[in-house]
S.K.: 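Following this message is one structure expressed as structure tokens.
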Amino acid sequence: MAKPMSKKSAERVVVVGAGVFGAWTAHHLQQLGHRVTLVDAHGPAHSRASSGGESRLTRAAYGKDAIYTRMARDSLPQWKALSAVSGLPILHQCGILFFFPTEEPYVQDSIAAHKTFGLPTEVLDQAEMAKRFPMIDFDGIRVGLYEPGFGALMARRSVQTLVERFVKAGGTYAKGAALPPGDRTSGELDAVHLANGERLAADRFVFALGPWLPKVFPNVIGPRILATRQEVFYFAIPPGDRRFLPSAMPGWADFNGGDIFYGFPDLEGRGAKIAHDQHGVEVDPDTQDRRPTAAALAEIVEFRDRRFPALRGAQVIGSEVCQYENSSNGDFLIDFHPGLENVLLVGGGSGHGFKHGPEVGRYSARRLMGSAKAEPRFSLATKGETHHREVH
Ligand SMILES: Cc1cc2nc3c(=O)[nH]c(=O)nc-3n(C[C@H](O)[C@H](O)[C@H](O)COP(=O)(O)OP(=O)(O)OC[C@H]3O[C@@H](n4cnc5c(N)ncnc54)[C@H](O)[C@@H]3O)c2cc1C
């Protein structure tokens with residue numbers, strides 16, 4: 001049960017977790033006029049956070065899951081607005097190309113949703129893709145969806161810029177590790193206690209803890225959110241080769257019969273990034289080994305050599321080991337704690353959450369303050385303990 005709608009114009013709110021979800025929620029609460037304190041144990045978009053990578057794709061293709069098409073569309077202008085006031089780009093509007101070996105239902109459903117939402121998505125055949133994107137070998141590919149308005153978000157930079165602006169606008173940011181609020185079954189939380197002994201009192205609270213949600217709420221969340229190991233690699237571009245610049249190459253995903261690989265052009269000289277979207281082994285975000293494995297690299301190199309012939313033999317110039325924080329089917333969690341009516345739990349980004357940060361934040365802020373309706377797909381009740389990913 002949620003705490004009744006706010007009657008005061010300005011309430012005190014503590015948001016725990018300064019990843020993309022917590023930072024945008026803090027921003028939107030501030031826009032609504034509330035006094036917001038944002039706390040993080042390690043810092044906004046730090047290296048072990050799910051938001052701490054270099055780049056994230058933003059796209060609106062979601063097959064039948066049009067709820068995320070709408071959220072991606074509505075998040076885009078907010079990303080652009082942040083990019084416009086940041087010293088360095090936050091959105092590289094390089095376009096997004098998803099390509100498929102068959103014209104599967106995901107393609108048809110995405111086209112239908114994009115028509116409904118007025119998105120200028122193009123459907124391309126193999127010959128057209130080969131002409132426009134000569135850096136990719138489209139062997140075995142039948143159809144592509146090209147979204148010209150979307151592209152790549154600079155992940156760490158965007159969250160850090162947002163938090164910096166939140167503080168400049170009067171918000172409070174503090175480094176601090178929140179202790180679990182315990183197993184209360186009714187009533188309200190009056191304060192968050194930090195590991196250093198500080199007490200942060202407020203009227204309402206948000207816990208946007210990404211892969212740490214099950215650690216802080218073991219009984220409420222437990223196996224409903226599962227952290228899996230994900231490795232990404234960056235490859236050197238041949239000297240002077242302009243085909244991999246973001247002005248020529250889109251962000252992309254190869255649906256590969258359901259075994260999806262994805263990647264980015266050479267953003268800001270960091271190299272071509274390639275990753276496998278398949279869930280890795282279950283990990284603990286505090287203790288997982290952050291060194292890349294030879295097995296993951298071999299898999300990526302095999303894929304790279306097939307799809308990007310110009311990168312055969314290219315040197316590995318970077319890698320990241322991160323984690324997805326998966327809900328049972330890939331839907332987000334944005335719901336009240338079942339025992340604490342002034343505590344909202346936000347997470348379950350499930351490998352696709354970053355792009356939606358602005359709309360997750362806008363919805364979470366309104367839901368916390370009692371002015372947004374519950375969305376069944378984001379409810380705790382719909383989060384199972386058996387994992388079977390459905391949202392891509
Ligand atoms: C390799 C990889 C590729 C991805 N690619 C894409 C993509 O292309 N497009 C896309 O849209 N999404 C993508 N995602 C998903 C997206 O990045 C995540 O869903 C999103 O960043 C999750 O953000 P979050 O704020 O929920 O979690 P986090 O960023 O992990 O933030 C949670 C924060 O809570 C803090 N915290 C935890 N416990 C405590 C505590 N007790 N006290 C205080 N602070 C605490 C942590 O320090 C952390 O900063 C990808 C994810 C990964 C890992």
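Here the structure is a predicted model, which is why all the values come from computation and not from measurement. Counting starts at 1 for both ligands and their atoms, in listed order.
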S.K.: Can you check whether E325 has an N/O within less than 3.5 Å of an N/O in ligand 1?
M.R.: yes

S.K.: Using non-hydrogen atoms of the residue, decide whether G176 is closer than 4.0 angstrom to ligand 1.
M.R.: yes

S.K.: Over all heavy atoms of both residues, which pair between L145 and A61 is shortest? Give the atoms and the distance, please.
M.R.: CD1-CB, 4.3 Å

S.K.: Taking 4.0 angstrom as the limit and counting only heavy atoms of P211, give me the atoms of ligand 1 inside it, by number and element.
M.R.: 30 (O)

S.K.: Could you tell me whether R270 sits above the aromatic face of Y234, with NZ or CZ closer than 6.0 angstrom to the six-membered ring centre and within 45 degrees of the axis?
M.R.: yes

S.K.: Using a strict 4.0 Å cut-off to heavy atoms of K355, name the atoms of ligand 1 that fall inside it.
M.R.: 9 (N), 10 (C), 11 (O)

S.K.: If you take all heavy atoms of T382 and S379, which pair is closest and at what distance?
M.R.: OG1-O, 2.9 Å

S.K.: So is A49 polar-close to ligand 1, meaning N/O to N/O under 3.5 Å?
M.R.: no

S.K.: Does the pair E302/R304 count as a salt bridge with the N-to-O cut at 4.0 Å?
M.R.: no

S.K.: For G17, take its heavy atoms, then give the atoms of ligand 1 lying under 4.0 Å from any of them.
M.R.: 33 (C), 34 (O), 35 (C)

S.K.: Polar-atom distance check: A45 versus ligand 1, any N or O pair below 3.5 Å?
M.R.: no

S.K.: Judging by distance only, is a nitrogen or oxygen of C322 under 3.5 angstrom from one on ligand 1?
M.R.: no

S.K.: In terms of residue, atom name and distance, what is the protein heavy atom nearest to atom 30 (O) of ligand 1?
M.R.: S50 N, 2.9 Å

S.K.: Do the ring centers of H356 and Y62 come within less than 6.0 Å of each other?
M.R.: yes

S.K.: In the protein, which heavy atom is nearest to atom 21 (O) of ligand 1, and how far is it?
M.R.: S51 OG, 2.8 Å

S.K.: If we check ring-ring contact (aromatic ring centres under 6.0 Å, His included) with F21, which of these qualifies: F354, Y363, F332, F378?
M.R.: F332

S.K.: Treating S83 as the side-chain partner and L91 as the backbone partner, does any N or O pair qualify as donor plus acceptor under 3.5 Å?
M.R.: yes

S.K.: Test your reading of the model: is there a side-chain donor-acceptor pair from R290 to the backbone of V321, 3.5 Å cut-off?
M.R.: yes

S.K.: Starting from atom 38 (N) of ligand 1, which protein heavy atom do you reach first, and at what distance in Å?
M.R.: W212 CB, 3.5 Å

S.K.: Got an N/O contact under 3.5 Å between V20 and ligand 1?
M.R.: yes

S.K.: Does D40 reach ligand 1 with a nitrogen or oxygen that is under 3.5 Å from one of the ligand's nitrogen or oxygen atoms?
M.R.: yes

S.K.: Which residue and non-hydrogen atom of the protein lie closest to atom 27 (O) of ligand 1, and at what distance in Å?
M.R.: G210 CA, 3.3 Å

S.K.: In the protein, what heavy atom is nearest to atom 40 (C) of ligand 1, and what distance, to one decimal place, separates them?
M.R.: A178 N, 3.7 Å

S.K.: Is the backbone N or O of V36 less than 3.5 Å from a side-chain atom of H34, with the two atoms forming a donor-acceptor pair by type?
M.R.: no

S.K.: Backbone N or O of I225 within a donor-acceptor pair of the E325 side chain at under 3.5 Å?
M.R.: no

S.K.: Is atom CZ of R165 surrounded by more than 12 heavy atoms (other residues, nucleotides or ligands) closer than 6.0 Å?
M.R.: no

S.K.: Counting non-hydrogen protein atoms only, what is the nearest one to atom 16 (C) of ligand 1? Give residue, atom name and distance.
M.R.: F354 N, 3.5 Å

S.K.: Going by the atom numbers of ligand 1, which of them fall below 4.0 Å from some non-hydrogen atom of L57?
M.R.: 7 (C), 8 (O), 9 (N), 10 (C), 11 (O)

S.K.: Which atoms of ligand 1 have any heavy atom of Q323 under 4.0 Å away?
M.R.: 53 (C)

S.K.: Within ligand 1, which atoms have a heavy atom of A177 less than 4.0 Å away?
M.R.: 42 (N)

S.K.: Quick one: does Y324 get an N or O within less than 3.5 Å of an N or O on ligand 1?
M.R.: no

S.K.: Between V16 and ligand 1, is there a nitrogen or oxygen pair with a distance under 3.5 Å?
M.R.: no

S.K.: Among all protein non-hydrogen atoms, which one is nearest to atom 1 (C) of ligand 1, and what is the separation to 0.1 Å?
M.R.: V232 CG1, 3.8 Å

S.K.: Is R142 positioned over the aromatic face of F138, cation under 6.0 angstrom from the ring centre and no more than 45 degrees off axis?
M.R.: no

S.K.: Is there a heavy atom of G351 sitting under 4.0 angstrom from any atom of ligand 1?
M.R.: yes

S.K.: For the 3.5 Å polar cut-off, considering only N or O atoms, please tell me whether H46 and ligand 1 meet it.
M.R.: yes

S.K.: Below 3.5 angstrom, do we get any N/O pair linking R56 and ligand 1?
M.R.: yes

S.K.: Considering heavy atoms of the protein only, find what lies nearest to atom 36 (N) of ligand 1 and give residue, atom and distance to 0.1 Å.
M.R.: L209 CD2, 3.8 Å

S.K.: Go through ligand 1 atom by atom and flag the ones less than 4.0 Å from a non-hydrogen atom of G349.
M.R.: 19 (O)

S.K.: Ignoring hydrogens and geometry beyond distance, is a side-chain donor-acceptor pair present between E231 and T293 at under 3.5 Å?
M.R.: yes

S.K.: Give a yes or no on whether the backbone of R12 and the side-chain of D203 come within a donor-acceptor separation of less than 3.5 Å.
M.R.: yes

S.K.: Considering the heavy atoms of A208, write down every atom of ligand 1 situated less than 4.0 Å from one of them.
M.R.: 32 (C), 33 (C), 34 (O)

S.K.: Is the terminal nitrogen or CZ of R132 (NZ for Lys, CZ for Arg) located under 6.0 angstrom from the six-membered ring centre of Y146 and within 45° of that ring's axis?
M.R.: yes

S.K.: Does any pair with a residue in residues 270-318 pass ring pair (Phe, Tyr, Trp, His ring centres under 6.0 Å), and if so which ones, sequence neighbours excluded?
M.R.: W252-F303, W252-F308, F261-H276, F261-F303, H279-Y324

